[in-house]
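First the structure, in the form of structure tokens, and then the observations on it.
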Amino acid sequence: MDAVVVGSGFGGSVAAYRLAAEGLSVAVLERGRAYAPGMFPRTPAEMGKAFWDPAEGHYGIYDVWSFGGCDSVVSSGLGGGSLIYANVMLRKDERWFVHEEPLAAGGYESWPVTRSELDPHYDAVEEMIGATPYPLDHPVYSDTPKTRAMQDAAAELGLDWRLPPLAISFAPMRGAEPGLGLPIVDTGYGNLHGVPRRTCRLCGECDIGCNDGAKNSLDHTYLSAARHHGADLRTLHEVRAIRPREGGGYEVSYVRHHPATEPLTISCDRLVLAAGTYGTTYLLLRSRANLPGLSGTLGTRFSGNGDLLTFLLRAKDRSRTRPINASRGPVITSAIRLADDVDGTRETGRGAYIQDGGYPAFIDWLVEGADVGSEIRRAARFIADRLRALVTGDTNLSAEIADLVGDGELSGSSLPLLGMGRDVPDGELRLRDGRLDVQWNSEASEEHFQRIRATMRRISDVLGAEHSGMPSWLGKRIITVHPLGGVPMGRHPGEGVCDAFGEVFDHPGLFIADGAALPGPVGANPSLTIAALADRMCTRLLEQRPVGIRHRKEGQTRMTVGTGRVAADPSEKATSLAAADPAERTSLSFTEEMSGFIALGGNDPRSGDMAGRSHGDRFSFRLTIRVDDVDRFLAEPEHLARAEGWVDAAVCGGRRPIERGWFNLFAPGDTPDRREMRYRLWFTDTQDRPRTLSGWKDVHHGPATRLWLDTSTLYTRLFEGHVPEGEDDEATVAGAGTLHIQPMDLAATLKSFDPEGPHGIAALARFGRFFVGQLWDVYGPG
């Protein structure tokens, strides 16, 4: 694999697209699920299960962490934080790229990159994501009271008010007339979900996932484009460790959730870590022994980007006659900028932004600040669980938050105000008893927070509202949705872990492409800056790549949409199938184990089986077969699915992870009465020699007594190199043999069938009917 990208947020998705578009083979490992429009949780029961806690069987979108000085909410899903962020795409202010700015606790905040260096990459990201200001002057979108209220308050107070660019589609296509709920025209690279999208309806649901698809999140933009260019997007794959590969490159150890697998390994020439500030830093801290020479600054320069959330209760517009309906509109529509000392103005303090907030009307309990009411018992239990977490070190609060949410019956009305800015990046991420811990408090940044609070109170006074902090049952704590730092960039290893292009010092080919690389706060919403830095990183990576990976290997032609040409690389068939996913797709996975004998030097599987038995050369594998879209799988003639797992053979050096694998069910054989179940597995033996196991089950017309023999026997050939489908005749055969599935293993396979999606049971039934129907066509009377 040319490149593996860990995570699919603003850094990972940009990297996946840029590298795949240049012809590199790219795999994206994302721990969360894919969420098409319509799949985001809404009901109280769904919201209670929407948190990330695999130990409890929860694979939801929200991951909530609590540390000594702050709480954080991050995302888990294909598209990372873009699934639940508030769409703001502001550039980091030019003068806020500070250089050697002293910190009270010692050290300096220093940015080794400038605004002018990032501006071309800011342009590229804004173009790709389609960032545009909220169309407040258009009649259809003008009726958003909170936006007008912020504008009026800023005017009265003499504050700098603006409409920031938002990653939202307000019109069906660029240049078209805006409108509510209009069908969005797909771009040239399509939509990986295959689900229709429609323009913003002002429902205020941005932060809990847009079920209309109006949000231009990364799955609709960069990741759809990456898949169009051949990137392999693997969901529910969580990376656990990384280590250098002998001779260059890296090996990545991961597990697959639901169904769970033993640790698997994938190797690559270039490794891009983009698992988020917590995920990337935690991964490097855990893998530190495997990566000697990492900078001593690992874990430093943590900050919460100055995040502060407060509420204006019973707020009205400037005339004091019209209540502010915060649930109407996108979550954020406008921003007030507070100048920084470094701007050279008369204002003093560290720069900041204050933005209007919003929330869906049906979950008003999320922003209620004054009264817990009938929920006091559950809130008390939540506090008790938090105290327990502080004692035990269990910092993952997902399960507790899910319990607190309950049926979602809290209610209230208010205008959230979201503050952020240049807080002091003096926090530290470290391991405590094997768990991630943050040593940080807001004391050094107290002046920054007081300035934001004072400005928010002034806005509150203009709007005749009562200013309130966080709910009392959460305590006086900082909650950040923008954790940054931990793997800071710098000019040298004494200043940072990676250079200004994200490449880790003394570890060529290892790149950091997320918020962990930032040496301090952005001040504005950081998503655009993270994406721009990743785009800049990819430009450097592609300039430095070896000539051998400048284009795909001969015989591995890039997929061209609409040509009807069959891709030469099996992985591209998998991409072409997934890229056209229909609405409400349902996936299916199952696990299969087979074992037998294989002999080196032979070409015939049957004679190889006998020779292998005589020499005791056993060969086995354990595969998880994943069908990304059951309907498409059953409709396509060659029924391609993905195979993951391991092979185990002494002739290959023992157990070896499958790097890429494909499976075909009942593909047409060489005669009309024949079907084949085909397997193609790429791996590397312990001597770093690439190998391909090509196998087929020969299902052909005959008596029903042959049914078990034909469907349980796999004829195999072992080839030298990674051999694409259709090139076996030209490849060098290293060995041959046969594998078999035992009755007990078959029973385990049947139990392992696991559908996932809105129509899981029906899809499983269709799959079963197809399987039985094909067997009847071959073995039935006729």
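Throughout, residue positions are numbered sequentially from 1 according to the sequence presented.
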What do you reckon, is CD of E246 surrounded by more than 12 foreign heavy atoms closer than 6.0 Å? no

May I ask you to decide if the ring planes of H193 and H220 are parallel, tilted or perpendicular, using 30° and 60° as cut-offs? perpendicular

Looking at every non-hydrogen atom in both residues, tell me the closest pair between G32 and W52 and how far apart they are. CA-CZ3, 4.2 Å

Got L283 and I242 here, is their nearest side-chain heavy-atom distance under 4.5 Å? yes

Interatomic distance, R243 atom CZ to S287 atom OG [nearest 0.5 angstrom]: 9.0 Å

Ignoring hydrogens and angles, state whether a donor on the side chain of E644 or Y254 is under 3.5 Å from an acceptor on the partner side chain. no

Can you say whether the rings of W662 and W682 are parallel (under 30°), tilted (30 to 60°) or perpendicular (over 60°)? perpendicular

Exercise: identify the closest heavy-atom pair between A3 and L19: CB-CD1, 3.8 Å

Which heavy atom of V5 sits nearest a heavy atom of A15, and at what distance? CG2-CB, 4.4 Å

Please examine the side chains of R691 and R656, heavy atoms only from C-beta on, and report whether any two atoms are closer than 4.5 Å. no

Are the side chains of R256 and R626 in contact, using a 4.5 Å heavy-atom criterion? yes

Measuring only between side-chain heavy atoms, which start at C-beta, is H722 closer than 4.5 Å to T684? yes

Please check this pair: side chain of E30 against backbone of V6, looking for a donor-acceptor N/O pair closer than 3.5 Å. no

T261 and T591: side-chain contact (heavy atoms from CB on, under 4.5 Å), yes or no, with the steps? CA-CA 9 Å; T261 63; T591 300; over 6 Å; no

Taking the side chain as every heavy atom from C-beta outward, state whether F683 and S267 have any atom pair closer than 4.5 Å. no

Determine whether a donor-acceptor pair (N or O, by modelled atom type, separation under 3.5 Å) exists between the side chain of D514 and the backbone of G276. yes

Using the side-chain contact (heavy atoms from CB on, under 4.5 Å) rule, take F621 and T716 through it: C-alpha gap first, then chi angles, then the decisive distance, then the call. CA-CA 12 Å; F621 64 58; T716 65; 5.8 Å; no

Side-chain contact, heavy-atom cut-off 4.5 Å: L83 with D219? yes

Could you please spell out the steps behind the side-chain contact (heavy atoms from CB on, under 4.5 Å) verdict for Y679 and E592? CA-CA 12 Å; Y679 299 70; E592 181 179 37; 2.7 Å; yes

So CD1 of I266 and CG of D232: to nearest 0.5 Å the spacing works out to 7.5 Å

Under a 3.5 Å threshold, yes or no: a donor from one side chain and an acceptor from the other, between Y189 and R227? no

Six-ring centre of Y250, R245 cation under 6.0 angstrom, axis tolerance 45°: no

Report the residue from T265, V647, D648 that forms a side-chain contact (heavy atoms from CB on, under 4.5 Å) with R655. D648

Atom NE2 of H257 and atom NE2 of H237: how far apart are they, to the nearest 0.5 Å? 10.0 Å

Could you give the distance from CE (M1) to CD (E659), rounded to the nearest 0.5 Å? 8.0 Å

Between the main-chain N or O of L218 and the side-chain N or O of S82, is there a donor-acceptor pair closer than 3.5 Å? yes

A cation-pi test, strictly: NZ or CZ of R33 under 6.0 Å from the centre of the six-membered ring of Y35 and no more than 45 degrees from its axis. Yes or no? no

Lys/Arg-Asp/Glu bridge criterion (N-O < 4.0 Å) met for R270, E22: no

Tell me the closest heavy-atom pair linking A20 and A226, and the distance in Å. CB-O, 3.9 Å

Heavy-atom distance under 4.5 Å between the side chains of D63 and Y278, does that happen here? no

Do the rings of H229 and Y17 sit parallel, tilted or perpendicular, given the 30° and 60° boundaries? tilted

Quick one: OG on S76 to CG on L236, what's the gap to the nearest 0.5 Å? 8.0 Å

Please give me the minimum heavy-atom distance between V195 and A36, naming the atom from each residue. CG2-CB, 3.8 Å

Which of these passes side-chain contact (heavy atoms from CB on, under 4.5 Å) with R717: V723, T692, N603, D728? N603

Between L681 and A643, which heavy-atom pair has the shortest distance, and what is it? CD2-CB, 4.0 Å

Could you go through the side-chain contact (heavy atoms from CB on, under 4.5 Å) check for V504 and I512 one step at a time? CA-CA 7 Å; V504 176; I512 311 300; 3.9 Å; yes

Between the CE atom in M677 and the CG atom in N664, the distance rounded to the nearest 0.5 Å is 11.5 Å

Test item: S8 side-chain N/O and S13 main-chain N/O as donor-acceptor pair under 3.5 Å: no

Would you find a donor on one side and an acceptor on the other, under 3.5 Å apart, between the side chain of S694 and the backbone of R680? no

Does a sphere of radius 6.0 Å around CZ in R606 hold more than 12 heavy atoms from other residues, nucleotides or ligands, not counting ones at 6.0 Å or beyond? no

Do L718 and L600 have side chains that approach each other closer than 4.5 Å (heavy atoms only, starting at C-beta)? yes

